[in-house]
J.: 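Sending over a structure as C-alpha cells; questions will come in a sec.
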Amino acid sequence: VRAAGTGNPWTGATTFLIPEYVQEVQAAVGNITDSTLAAQAATVEQVPVFFWMDVAAKVPTLGQYLAAASAAGGTQVVQAVIYDLPDRDCAAESSAGEFTIADGGAALYEQYIDNIAAQVEANPNVRVVFVVEPDGLANLVTNLSVAKCANAASTYKELVSYAISKLQQDNVWLYLDAGHSGWLGWPANITPAAQMFAEVLQGAGTGATVRGLATDVSNYNLLRGAEDPAQSPNPNYDEELYINALAPLLQQNNFPSQFIVDQGRSGVSGIRTAEGDWCNVLGAGLGMRPTTDTGNDLIDSIVWVKPPGESDGTSNQTAPRYDTHCGQSDATQPAPEAGTWFQSYFETLVQKANPALS
Ligand SMILES: O=[N+]([O-])c1ccc(O[C@@H]2O[C@H](CO)[C@@H](O[C@@H]3O[C@H](CO)[C@@H](O[C@@H]4O[C@H](CO)[C@@H](O)[C@H](O)[C@H]4O)[C@H](O)[C@H]3O)[C@H](O)[C@H]2O)cc1
Ligand SMILES: [Mg+2]
C-alpha cells in the first residue's frame with residue numbers, strides 16, 4: 001500500500017535549485033548596471049523556488065529536474081506547483097489556463113496528473129513537494145457568486161481529489177493551496193475553508209492523505225508582525241495568526257494541520273491600498289529566505305513558491321487576459337503577461353529585500 005511522504009520533507013535534505021529560475025536570475029543580473037544591486041541580485045540564484053507546471057507541456061521538464069536531483073546524490077527535495085485546472089483562476093483574468101471544462105478539460109487534467117505521477121514514480125529516491133492548485137479551492141470558498149467559479153466548483157473539487165488520490169507515493173508531500181490570511185483568514189471564511197479542504201480529501205478515497213496546506217502563495221503578507229492597515233479589521237491579519245486559527249478547525253475535520261508559507265514577496269508590509277490587491281504590487285520586497293526554522297511547529301518551512309520576478313499579470317488593457325487589478329494605482333505598470341519575467345519589478349524586489357541581501 002502506498003503511503004504519502006511522512007514528516008517534514010526538508011529535514012536532512014538539500015532543496016534542489018530549479019534551473020529555469022536560476023537562468024532567469026542570471027539573465028536579470030546581466031541586465032543590472034548598478035554593481036551593488038547586481039551583486040545582491042546574484043545571491044537570489046541560490047534561493048530555492050517552486051517549479052510551476054502551468055501547462056501540461058512542462059511535465060516532462062519536471063522529470064528532467066527529478067532525474068538531475070537524483071543524479072546530484074544525497075537526499076534532494078524538488079519543489080513544484082500543480083497549476084492547470086480547467087477554467088483556472090475563475091475569479092480573475094490574468095492566469096486563465098490552457099484547459100476549459102467545456103472543451104474536455106477534466107479528462108486532459110487527469111492525463112496531466114497521471115503524467116506527473118509517472119515522473120514521480122520514475123524517481124523514487126527524490127523527495128517531491130507539491131503545492132496543489134493555487135487559488136483553486138479558495139475561490140470555491142468565497143467566489144461562488146462568480147459564474148465561472150460556480151460552474152467550475154464540482155469539477156475543481158473532483159480534480160483536486162483525483163490529484164491527491166494519484167499522488168500518494170511515499171516520496172511525495174502534498175500541500176493544498178489555502179489562499180492567505182487576507183482571503184480565507186476572515187472569520188466568515190475560515191470554517192467553510194476547513195470544511196472544503198476536508199471534503200476534497202475525503203473525495204480522494206480511504207487512506208489518502210496530504211501533508212497539509214500552503215498559504216500566501218503569490219501574495220505579500222507577513223508571516224508574523226504588526227498589522228498591515230489594509231488587513232483591518234481582520235483578526236487574523238498575518239499568516240501565523242491565520243494558521244494558528246485554522247489548525248484546530250482542520251483537526252476537527254480530520255485534515256492534517258501542517259503548513260508551508262510563501263514569503264518570496266513579503267519583505268515590505270503596508271504597500272497595498274486594499275487587502276485584495278494582488279497584482280505586481282508596487283514597492284514589494286523579497287521576504288524571509290526559505291528555512292525550516294519557522295518558530296512554529298505547525299509550519300514545516302518558509303518557502304518561496306511564486307518565483308520572485310515573474311509577473312502576476314499583464315497591464316495591457318487590450319490583452320485577452322487583462323485583469324483590472326493589474327491596472328490599479330498600487331499595481332506596477334507596465335507589466336508583462338503572468339509568469340513572464342518582469343525585470344524592473346525584480347530589481348525593486350531586490351532593492352527592498354527584507355532581510356537585506358548581502
Ligand atoms: O470586514 N468585513 O465585513 C468584510 C466583509 C467581506 C470581506 O470579504 C473578503 O475580502 C477579501 C479582501 O478583498 C477577499 O480576499 C481576496 O479575494 C480575492 C479573490 O476574490 C483574492 O484574489 C486572488 O489573489 C491571488 C493571489 O493571492 C491571485 O493569484 C488570484 O488571481 C486572485 O483572484 C485576494 O488575494 C484576496 O485578498 C475575500 O475573498 C472576501 O471574502 C472581508 C471583510
Ligand atoms: Mg495569480
Side-chain angles (χ1 to χ4, degrees), residues 50 52 54 81-85 87-97 131-150 152-153 156 176-194 196 213-223 227-239 241-242 245-246 260-266 269 271-281 284 287 303-308 310-315 319 321-328 330-332 335 337-339 342:
F50 278 64
W52 287 59
D54 60 317
V81 179
I82 292 172
Y83 188 55
D84 209 13
L85 281 170
D87 291 8
R88 190 176 72 192
D89 206 24
C90 62
E93 302 302 323
S94 64
S95 293
V131 166
V132 181
E133 295 296 343
D135 307 334
L137 297 178
N139 274 319
L140 302 191
V141 176
T142 66
N143 288 314
L144 290 181
S145 59
V146 175
K148 189 175 177 184
C149 295
Y156 274 19
L176 305 190
D177 184 82
H180 57 88
S181 57
W183 192 351
L184 302 185
W186 285 97
N189 298 332
I190 198 164
T191 299
M196 168 75 69
L213 300 174
T215 82
D216 205 42
V217 173
S218 304
N219 212 277
Y220 309 82
N221 299 331
L222 294 179
L223 168 67
E227 181 186 46
D228 178 335
Q231 297 263 57
S232 176
N234 185 349
N236 299 316
Y237 55 78
D238 66 31
E239 296 305 290
L241 290 167
Y242 171 38
L246 181 55
I260 54 177
V261 184
D262 190 352
Q263 288 290 282
R265 304 186 298 178
S266 298
S269 186
I271 54 177
R272 285 168 290 186
T273 52
E275 170 186 66
D277 297 345
W278 50 265
C279 192
N280 302 313
V281 177
V303 289
W304 286 13
V305 184
K306 169 78 176 181
E310 295 184 2
S311 177
D312 295 316
T314 180
S315 60
R321 295 201 307 176
Y322 174 69
D323 187 294
T324 55
H325 286 84
C326 305
Q328 291 183 178
D330 63 356
T332 310
E337 274 288 336
F342 193 174

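Ligands are counted one by one from 1 in listed order, and the atoms in each one are counted from 1 as well.
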J.: Taking distance alone, with N or O pairs closer than 3.5 Å, would you say Ser218 contacts ligand 1?
T.: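 No.
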
J.: Taking the side chain as C-beta and beyond, is there a heavy-atom pair between Trp278 and Cys326 under 4.5 Å?
T.: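 Yes; the side chains approach each other to less than 4.5 Å.
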
J.: Which atoms form the tightest heavy-atom contact between Ser94 and Asp323, and what is the distance?
T.: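 That closest heavy-atom pairing would be N-CB, 4.0 Å.
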
J.: Does only the side chain of Asp312 get under 4.0 Å from ligand 1, or the backbone, or both, or neither? Count heavy atoms.
T.: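 Neither part.
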
J.: Out of the candidates Lys306, Glu275, Gln263, Arg272, only one should pair with Asn219 under the side chain to side chain donor-acceptor pair (under 3.5 Å) rule; please name it.
T.: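 The side chain to side chain donor-acceptor pair (under 3.5 Å) with Asn219 is passed solely by Arg272 among Lys306, Glu275, Gln263, Arg272.
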
J.: Ignoring hydrogens and geometry beyond distance, is a side-chain donor-acceptor pair present between Thr142 and Trp183 at under 3.5 Å?
T.: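 There is such a pair (donor and acceptor under 3.5 Å, judged by atom type) between the side chains of Thr142 and Trp183.
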
J.: Quick one, Val81 with Val305, criterion side chain to side chain contact (heavy atoms under 4.5 Å, CB included). Give me CA distance, side-chain angles, the key distance, then yes/no.
T.: CA-CA 8 Å; Val81 179; Val305 184; 3.6 Å; yes

J.: Who passes salt bridge (Lys or Arg N to Asp or Glu O under 4.0 Å) against Glu337, sequence neighbours left out?
T.: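 Here the qualifying residues are Arg321.
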
J.: Between Asn139 and ligand 1, does any nitrogen or oxygen pair lie at a separation below 3.5 Å?
T.: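 No, no N or O pair falls under 3.5 Å.
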
J.: Heavy atoms only, cut-off 4.0 Å: how does Trp183 contact ligand 1, side chain, backbone, both, or neither?
T.: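 It is both backbone and side chain that touch ligand 1.
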
J.: Distance from Tyr322 atom OH to Ser315 atom OG, nearest 0.5 Å?
T.: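 The distance works out to 7.5 Å.
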
J.: Quick one: does Asp277's side chain have a donor or acceptor within less than 3.5 Å of a partner on Ala274's backbone?
T.: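 Such a contact is found between Asp277 side chain and Ala274 backbone.
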
J.: As an exercise, identify every atom of ligand 1 less than 4.0 angstrom from a heavy atom of His180.
T.: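 Those qualifying, in numeric order: 27 (O), 34 (C), 35 (O), 36 (C), 37 (O).
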
J.: Within ligand 1, which atoms have a heavy atom of Asp89 less than 4.0 Å away?
T.: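 Counting from 1, the qualifying ligand atoms are 30 (C), 31 (O).
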
J.: With a cut-off of 4.0 Å, which atoms of ligand 1 are near a heavy atom of Ala92?
T.: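 That gives atoms 31 (O), 33 (O) of ligand 1.
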
J.: Would you mind running through ligand 1 and noting each atom that sits below 4.0 Å from a heavy atom of Trp186?
T.: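 Heavy-atom distances to Trp186 below 4.0 Å select 1 (O), 11 (C), 42 (C), 43 (C).
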
J.: With heavy atoms of Asn143 as the reference, note each atom of ligand 1 found under 4.0 Å away.
T.: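 Once the distances to Asn143 are compared, the set is 19 (C), 20 (O).
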
J.: Give the atom numbers and elements of ligand 1 that come within less than 4.0 Å of a heavy atom of Gly182.
T.: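 Counting from 1, the qualifying ligand atoms are 11 (C), 12 (C), 14 (C), 15 (O), 36 (C), 37 (O).
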
J.: So, does Ser95 sit close enough to ligand 1 that a heavy atom of it is under 4.0 Å from the ligand?
T.: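 It does not, in that no heavy atom of Ser95 comes within the 4.0 Å cut-off of ligand 1.
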
J.: Which of the numbered atoms in ligand 1 are below 4.0 angstrom from a heavy atom of Asn219?
T.: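 Within the 4.0 Å cut-off of Asn219, ligand 1 contributes 26 (C), 27 (O), 35 (O).
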
